[in-house]
Amino acid sequence: MKKMNGRMLSLLLSLMLAITLAACGNESTTEGQGSGQTTEQGAGTTDNTETNSLETQYPLTLTDATGESFTFEKAPEKIVSVSPAETESLYAIGLDEQIVGVSDYDDYPEQVKDKPKMGSLYEPNAEAIIAAEPDIVFTGISMDEAAVQKLRDLGIVIFKTDPKTVEDVMKNIEIYGQITDHQEAAQQVIEKMKADMKEVQDKVASIADDQKKQVYVEFSPGWTVGKGEFMDEIITLAGGVNVAGDTEGWNEISEEKIIDANPDVILYASDVVDNDKTLDQIIKARDGWNEITAIKNDKVISINANLLSRPGPRVTEGLKEVAKAIYPDLFQ
């Protein structure tokens, strides 16, 4: 693989590495979809559709993606997030005042740039986290379980998520709402995401299987995504066929295989620069790729890198952008 700058290395690691849920009270339990989570709703908890009276019942017991159990006696007053996707989710449900630290790579929303920095996505600064004295630390796909355990061994309470689908992302947001007693706000975010999904699905529903466009996505030089990850699902939800869909997870590409697949559309992360070249320049310069239909027809299209790669509340905005790129006539 070609050498990547620090920004892209962190993005790649955040995509290649690792929600689980429970809440305490009654005996009612539901399984999270694709995330290994369970939830136990406390007595008197309102149905999720009744967002006007949602209120968390404490103590609340949850299990995260690593199988670790957490009991919250009350809503956390001080939160650290070392994952941009988790930070976006927390801000989206109104937790600006509670957030006392974020990763070095957090950049959305704008006010996050003024928060104390806790280091990298995949191995944050433990001393900075301890000094911030958070009640809970949230991390996502950016940090593997070994790094999580290393922080736990230092006494840091860290809750990890591992979303594989858009539904998992929405479950994450629901969980953050439960933990922080911001369930109404969480449900509002989820409803907006569902509306985005429905808009896309309604517009691509009429596309016959044999008319669906072949799509290749590259989020870092030489890297794409196969089955089992949210980015692959986004292509499918957008009415496309992922030409790397016969592979698993995040993987290095076979240039010859992509040429043979001959995608109709090539999508790439917009702000990726490697050796002073943008990702579309790298893609177009590869030997033999000038014969690919997408390149011949000028269908090499940039997608905002954060919308494409962060499994947070804006992931359905990314879905809309992907769908527009594949089928512009349907989204005029």
Side-chain angles (χ1 to χ4, degrees), residues 15 88 108 164-167 169-170 189-221 223-247 250 253 255 257-272 278-286 288-332:
L15 287 167
E88 289 195 22
Y108 187 90
K164 299 296 185 182
T165 66
V166 176
E167 180 69 23
V169 176
M170 291 189 286
V189 172
I190 291 167
E191 289 307 312
K192 191 269 183 186
M193 294 175 70
K194 288 180 177 179
D196 287 343
M197 288 182 66
K198 186 177 187 303
E199 177 185 348
V200 170
Q201 291 175 306
D202 286 349
K203 289 185 177 181
V204 303
S206 61
I207 303 172
D209 286 346
D210 61 355
Q211 297 297 313
K212 290 183 177 179
K213 292 185 179 181
Q214 302 291 310
V215 180
Y216 169 68
V217 61
E218 189 163 332
F219 59 84
S220 179
W223 286 84
T224 192
V225 63
K227 292 183 297 186
E229 301 294 344
F230 70 92
M231 197 183 294
D232 170 69
E233 183 192 34
I234 285 174
I235 296 172
T236 302
L237 291 172
V241 177
N242 182 7
V243 298
D246 59 343
T247 64
W250 315 101
I253 66 172
E255 293 191 13
K257 180 177 178 179
I258 304 304
I259 294 172
D260 290 341
N262 193 27
D264 302 298
V265 179
I266 294 176
L267 307 177
Y268 68 94
S270 60
D271 63 348
V272 175
T278 58
L279 192 45
D280 61 322
Q281 291 173 329
I282 294 169
I283 290 169
K284 292 176 180 178
R286 290 178 181 141
W289 282 47
N290 60 318
E291 293 301 318
I292 292 176
T293 296
I295 294 179
K296 290 195 294 186
N297 292 341
D298 196 25
K299 295 296 183 183
V300 181
I301 303 168
S302 68
I303 303 292
N304 181 295
N306 292 343
L307 298 185
L308 183 65
S309 64
R310 290 183 183 175
R314 295 190 295 163
V315 71
T316 53
E317 295 180 31
L319 168 62
K320 291 171 69 173
E321 291 302 308
V322 168
K324 289 176 185 177
I326 301 173
Y327 300 106
D329 293 345
L330 296 179
F331 291 87
Q332 291 181 343

Separation between [atom1] of [X] and [atom2] of [Y], rounded to the nearest 0.5 Å:
{"X": "N306", "Y": "E317", "atom1": "CG", "atom2": "CD", "answer": "11.5 Å"}
{"X": "L319", "Y": "I235", "atom1": "CG", "atom2": "CD1", "answer": "11.0 Å"}
{"X": "E229", "Y": "T224", "atom1": "CD", "atom2": "OG1", "answer": "11.5 Å"}
{"X": "I253", "Y": "T247", "atom1": "CD1", "atom2": "OG1", "answer": "11.0 Å"}
{"X": "D232", "Y": "K227", "atom1": "CG", "atom2": "NZ", "answer": "9.0 Å"}
{"X": "T278", "Y": "I282", "atom1": "OG1", "atom2": "CD1", "answer": "7.0 Å"}

For this session: Sorted by first residue and then second, give each ring-ring contact (aromatic ring centres under 6.0 Å, His included) pair with at least one member in residues 303-332; sequence neighbours left out.
Result: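 Checked against ring-ring contact (aromatic ring centres under 6.0 Å, His included) - neighbours excluded - no pair reaches residues 303-332.
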Closest approach of [X] and [Y], non-hydrogen atoms and distance?
{"X": "A238", "Y": "V322", "value": "CB-CG1, 3.8 Å"}
{"X": "A325", "Y": "I303", "value": "CB-CD1, 4.1 Å"}
{"X": "V215", "Y": "G240", "value": "CG2-CA, 4.1 Å"}
{"X": "P263", "Y": "V243", "value": "CB-CG1, 4.1 Å"}
{"X": "V225", "Y": "N242", "value": "O-ND2, 2.9 Å"}
{"X": "A269", "Y": "F219", "value": "CB-O, 3.6 Å"}

Problem set entry | side-chain contact (heavy atoms from CB on, under 4.5 Å) between V315 and M193, intermediate numbers included | CA-CA 8 Å; V315 71; M193 294 175 70; 3.7 Å; yes
For this session: Quick one: which residue pairs count as a salt bridge (charged side-chain N to carboxylate O under 4.0 Å, His left out) with a foot in residues 204-220, not counting sequence neighbours?
Result: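 Residue pairs with at least one partner in residues 204-220: D209-K212, E218-R286.
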For this session: Indicate yes or no for a side-chain donor-acceptor contact from E233 to the backbone of V166 under 3.5 Å, with no hydrogens or angles considered.
Result: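 Such a contact is found between E233 side chain and V166 backbone.
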For this session: State whether the side chain of E291 and the backbone N or O of G288 hold a donor-acceptor pair below 3.5 Å, judged by distance alone.
Result: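 Answer holds: no.
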Problem set entry | Contacts of N290 that satisfy side chain to side chain donor-acceptor pair (under 3.5 Å) - sequence neighbours left out |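 With sequence neighbours excluded, N290 shows a side chain to side chain donor-acceptor pair (under 3.5 Å) to no residue whatsoever.
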For this session: Please name all residues satisfying side chain to side chain contact (heavy atoms under 4.5 Å, CB included) with N297, sequence neighbours left out, ordered by chain then number.
Result: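 Counting only residues at least two positions away or on another chain, N297 forms a side chain to side chain contact (heavy atoms under 4.5 Å, CB included) with T293, K299.
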Problem set entry | Results of ring-ring contact (aromatic ring centres under 6.0 Å, His included) for Y268 - residues two or more places apart only |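 Once residues adjacent in sequence are excluded, Y268 has no partner under the ring-ring contact (aromatic ring centres under 6.0 Å, His included) criterion.
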Exercise. Checking side-chain contact (heavy atoms from CB on, under 4.5 Å) for the pair M231/L267: CA distance, chi angles, key distance, verdict?
Worked result: CA-CA 11 Å; M231 197 183 294; L267 307 177; over 6 Å; no
Tabulate below the donor-acceptor pairs under 3.5 Å that side-chain atoms of residues 195-207 make, not counting sequence neighbours, or state none.
residue	atom	partner	partner atom	Å
D196	OD2	K192	NZ	2.8
D196	OD2	T316	OG1	2.9
K198	NZ	D202	OD2	2.7
E199	OE1	K320	NZ	3.3

Exercise. Side chains of D280 and S302: closer than 4.5 Å at any heavy-atom pair?
Worked result: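 Counting from C-beta outward, D280 and S302 never come under 4.5 Å.
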